J.: 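If you scroll down you'll find the structure; I have some questions about it.
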Protein chains: 2
Amino acid sequence: MTFTQILPLTDISRADACSTPPTRAATSPEHADALAHSLKALADPARLRIISIVSAHANQEACVCDLTDQLTLSQPTISHHLKVLVEAGFVSRVKRGTWSYYSLVPGSLGSVAGVLSAI
Amino acid sequence: MTFTQILPLTDISRADACSTPPTRAATSPEHADALAHSLKALADPARLRIISIVSAHANQEACVCDLTDQLTLSQPTISHHLKVLVEAGFVSRVKRGTWSYYSLVPGSLGSVAGVLSAI
DNA sequence: TCCTTAGATTGACATTGGTCGATGTATTGC
DNA sequence: GCAATACATCGACCAATGTCAATCTAAGGA
C-alpha cells in the first residue's frame with residue numbers, strides 16, 4: 001500500500017491549501033481560442049444590429065442598402081463589419097446583379113449560445 | 001378605394017427596389033450596445049478559461065492561485081481579467097482571509113446565451 | 001462606349017485592449 | 001511590530017480594432 005492509496009490523490013497533487021479540487025477538466029486553450037474568436041465577431045453593436053436587421057427580413061436576407069439606411073455608419077465601415085461576420089460564419093453573401101444580399105447562416109447563433117451555456 | 005389598398009404598403013413605403021420588407025423591428029441600438037458589452041467581456045480566451053476553471057470546481061469557486069497555476073499569464077493580468085468579468089456580472093468575488101475566491105454568477109451565462117439565440 | 005450605381009478594398013488614423021513590471025494594501029504568522 | 005504572502009492597482013507599452021476618405025471593380029443603362 002502506497003501513500004497515494006491512503007491519501008486522496010487530490011490532496012497530494014496540489015500544494016495550495018486555499019483551494020478545493022476541480023470536479024472536471026476545464027476547457028482546453030484551443031477550445032477557448034475558437035470560442036473567443038466567434039464571440040469577438042459578435043461583440044460589436046454594429047454587427048449585432050446587422051444580424052438583427054438581416055434576421056428581421058422576411059426571407060432572412062437583406063442588401064447592403066438596408067443596412068446603410070438604418071445604421072449611421074459609412075458604407076466601407078458596414079462592408080468591413082459584414083466581412084467580419086462572413087468570415088466568422090454567421091452570415092453568408094450572395095450577389096445578384098449589382099446588389100449583394102446577406103443572410104443568416106442557420107444555426108450559427110444557436111451553436112454559440114449552446115456552447116456558452118455548456119461551459 | 002385608394003392606392004394603398006391596391007398596392008401593398010410595403011411597396012409604397014420604401015424606395016429601394018433591391019430590398020424585401022422587414023417582418024419585425026430590429027434590435028434597438030441601446031440593446032445592441034448592452035449585449036455587445038456583455039459579449040466583449042466574454043470574447044477573450046483567458047477570460048473564457050477563467051470561467052471554465054471556476055465552474056469546474058466543486059463548489060463553483062476558485063481562488064486566484066488556481067488560475068495562476070493553470071494560465072500562463074502574470075498575476076496582474078489575471079487580476080485584470082477577473083475585474084472585467086466581475087464588472088460584467090459573470091463572476092463574483094468574496095474574500096476570506098488572505099485569499100480571494102471567485103465564483104460564477106448563476107444564470108449569467110445562460111442569460112447571454114438566451115438573448116443571443118433570440119436575435 | 002461611357003456614365004452611373006452598388007459595393008468591396010486600401011490606407012491612414014485614433015481608440016481600445018491585453019500584457020507585464022513595479023508598487024500598494026491587507027492579512028497572517030512569528 | 002515585522003516579515004511574508006495574496007492579491008489589487010498603476011503606468012507604460014504594443015497589438016488589435018473601429019472608423020472614414022479615397023479608390024477600385026463590376027454590373028446596368030443610355
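If you're wondering where the values come from, they're calculated on a predicted model, not measured in any experiment.
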J.: Can you see if the side chain of A:Y102 gets near the phosphate of C:dA8 - specifically, an N or O under 4.0 Å from OP1 or OP2?
T.: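 Looking at the OP1 and OP2 atoms of C:dA8, one of them is under 4.0 Å from a side-chain N or O of A:Y102.
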J.: Among D:dA6, C:dA22, C:dG7, find the nucleotide with the atom closest to the side chain of B:P76.
T.: C:dA22
J.: Using atom CG of A:L42 as one end and atom P of D:dT17 as the other, report the distance to the nearest whole Å.
T.: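 After rounding, the gap between these two atoms is 14 Å.
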J.: Could you tell me how far apart B:K95 (NZ) and C:dT25 (P) are, to the nearest whole angstrom?
T.: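 In whole Å, C:dT25 P lies 12 Å from B:K95 NZ.
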J.: State the CD1-CD distance between A:I78 and A:Q75, to the nearest 0.5 angstrom.
T.: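 Output value for this atom pair is 7.5 Å.
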J.: When all nucleic acid strands are considered with a 4.0 Å heavy-atom cut-off, which category describes A:R96: base, sugar-phosphate, or nothing?
T.: nothing
J.: From the list D:dA8, C:dG18, D:dG28, which nucleotide is the closest neighbour of the side chain of A:T98?
T.: D:dG28
J.: Is the shortest heavy-atom distance from the side chain of B:K40 to the side chain of B:V84 under 4.5 Å?
T.: no
J.: Once you round it to whole Å, what is the distance between P of C:dG17 and NE2 of A:H37?
T.: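 Roughly 17 Å, once rounded to whole Å.
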J.: Within this structure, what is the CD1-to-C1' distance between B:I78 and C:dG18, rounded to whole angstrom?
T.: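 Answer to the nearest Å: 13 Å.
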J.: From the set D:dG18, C:dA8, D:dT19, return the single nucleotide nearest to any side-chain atom of A:R47.
T.: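 Between D:dG18, C:dA8, D:dT19, the one nearest the side chain of A:R47 would be D:dG18.
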J.: Using a cut-off of 4.0 Å on non-hydrogen atoms, how would the nucleic acid contact of B:H81 be classed: base, sugar-phosphate, or nothing?
T.: sugar-phosphate
J.: With heavy atoms under 4.0 Å as the rule, sort A:T77 into base, sugar-phosphate or nothing.
T.: base
J.: May I have the distance from B:Q75 (atom CD) to C:dG21 (atom P), rounded to whole angstrom?
T.: 11 Å
J.: Pick the closest DNA chain D nucleotide for A:G97 and for A:L73 by heavy atoms, then say which residue is nearer the 5' end.
T.: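 Per heavy-atom nearest nucleotide, the more 5' residue is A:L73.
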J.: Within this structure, what is the CG-to-C1' distance between A:D69 and C:dG7, rounded to whole angstrom?
T.: 14 Å
J.: Look at the side chain of A:C65 and decide which nucleotide, out of C:dT9, C:dG17, C:dG7, has an atom nearest to it.
T.: C:dG7
J.: Think A:S74 has a side-chain N or O under 4.0 angstrom from the OP1 or OP2 of D:dC20?
T.: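 Yes.
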J.: Find the distance between CZ (B:R47) and OG (B:S52) and round it off to the nearest 0.5 Å.
T.: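 Atom-to-atom, B:R47:CZ and B:S52:OG are 15.0 Å apart.
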J.: OP1 or OP2 of D:dT9 sitting under 4.0 Å from any side-chain N/O of B:S79?
T.: no
J.: Determine whether A:Y102 and A:D66 satisfy the following criterion, side-chain contact (heavy atoms from CB on, under 4.5 Å), listing intermediate values before the conclusion.
T.: CA-CA 10 Å; A:Y102 287 88; A:D66 289 322; over 6 Å; no
J.: Quickly work out the B:L82 CG to C:dT19 C1' distance and round it to whole Å.
T.: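 Rounding to the nearest Å, CG of B:L82 and C1' of C:dT19 are 15 Å apart.
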J.: In Å, rounded to the nearest 0.5 Å, how long is the span from CD1 of B:I53 to CD of B:Q70?
T.: 4.0 Å
J.: Find the distance A:H80:NE2 to C:dT10:C1' and express it as a whole number of Å.
T.: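 The distance from NE2 of A:H80 to C1' of C:dT10 comes to 13 Å, rounded to the nearest Å.
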